[in-house]
Amino acid sequence: MKKRFVIGNWKMYIASPSEAKKFALTLTRRARLFRGLEVWVAPPFTLLSLLQPTLKNTSVRLGAQTVSAHKAGAHTGDVSATMLKQTGASFVLVGHSDRRALGETDALIHEELLQTIQAGLTAVLCIGEREHDHNGSYFEVISSQLSSALSDFPRSATRKLMIAYEPVWAIGKTAQDAMNPGELQEMQIFIRKILVDILGRESARGVPVLYGGSIEPQNAHLLMQEGGVSGFLVGHASAEIESFIEILSACKK
Ligand code: PGA
């Protein structure tokens, strides 16, 4: 049976060490109820080392929200993939739209992806159009973001690759503003087709495609049942333990 994933992107919502620890402890205790569901969390850099002992030997995986495009050297403020690995992170969100909005280009995201893979971490490549225009040019945007990020991607590393489709117009709003299952189904089929074109049928087959953009307890179940995706990347609703647990519960088989 195919795995399902729910990744919490804490952004800067949870900042205090004590709050983060309390959240992680509760989550590990309650996530045990959701067998067959992969539960991952991506806190800010400052909380990674702190949460590592709490999450070690549990089913909840720890990851980072971004990564440097460089291996080492004079890059003030950057954190390399190897450094992230040392904190206990096992995955990275690469190319999130919050980062693209700050000026991260497709070329930079390509480098970040390679750094992530070379360090042996799983890359969750985030893609998404800014606008959902009526003539469908957003398909072109998605295709070009994928082709650019995945050019020269080593096929042997596809088991460390995931795609998170997050249309920017649906992020940070409410369940009513998220995609509907029909639109999502259509988009995930398109993404899968592009992945096959880039990576080949065999390598593309196992790459999970997730959805993000105003996933809340109210829409998680229907989008999971009818959207055709392998799970969710959840922002604001992942920073509150009860709503995150409700989303996990909506995604279990
Ligand atoms: P949201 O954020 O769930 O708050 O819309 C999703 C994301 O940006 O990853």
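In each ligand, atom 1 is the first atom listed, and ligand 1 is the first ligand listed. We count residues from 1, following the sequence as given. The basis for the numbers below is simple: all heavy atoms, side chains too, and nothing from hydrogens, waters or symmetry mates. Note that the structure is predicted; figures quoted are calculated from it, not measured.
- Scanning all protein heavy atoms for the shortest distance to atom 2 (O) of ligand 1 gives Gly235 CA, 3.4 Å.
- Classified by interplanar angle (parallel below 30°, tilted 30° to 60°, perpendicular above 60°), the ring pair Tyr211/Tyr165 is tilted.
- With respect to atom 4 (O) of ligand 1, the closest heavy atom belonging to the protein is His236 ND1, 2.5 Å.
- Selection from Gly172, Gly8, Ala42 by nearest heavy atom to atom 5 (O) of ligand 1 gives Gly172.
- Between the Arg130 side chain and the Trp169 main chain, no donor and acceptor come within less than 3.5 Å of each other.
- When each of Trp40, Phe23, Phe45 is checked for a ring-ring contact (aromatic ring centres under 6.0 Å, His included) with Trp10, only Phe23 meets the rule.
- For His132, the NE2 atom counts as densely surrounded, since its 6.0 Å shell holds more than 12 non-hydrogen atoms of other residues, nucleotides or ligands.
- Residue contacts with ligand 1 include His96, since one or more of its heavy atoms lies under 4.0 Å from the ligand.
- Within the structure, the closest approach of Gly212 to ligand 1 does not fall below 4.0 Å when heavy atoms are considered.
- Between Leu233 and ligand 1, no N or O atom pair is found at a separation short of 3.5 Å.
- Scanning the protein heavy atoms around atom 9 (O) of ligand 1, the nearest turns out to be Glu166 OE2, 2.8 Å.
- Heavy atoms only, all atoms of each residue included: Phe34 and Ser249 are closest at CE2-CA, 3.5 Å.
- In summary, Glu216 and Lys173 do not engage in a salt bridge, as defined by a charged side-chain N under 4.0 Å from a carboxylate O.
- Set against the non-hydrogen atoms of Ile171, the atoms of ligand 1 under 4.0 Å away are 2 (O), 5 (O), 8 (O).
- The atoms of ligand 1 that sit less than 4.0 Å from any heavy atom of Gly213 are 5 (O).
- Assignment of Ala237 to the shell around ligand 1 is not supported, since no heavy atom sits closer than 4.0 Å.
- With a 6.0 Å radius and a threshold of 12 heavy atoms from other residues, nucleotides or ligands, Glu131 has its CD atom at or below the threshold.
- Of the N or O atoms in Asp98, none lie within a sub-3.5 Å distance of an N or O in ligand 1.
- Here the heavy atom of the protein found nearest to atom 8 (O) of ligand 1 is Lys11 NZ, 2.6 Å.
- Within 6.0 Å of atom NZ in Lys160, more than 12 heavy atoms from other residues, nucleotides or ligands are found, so the atom counts as buried in its surroundings.
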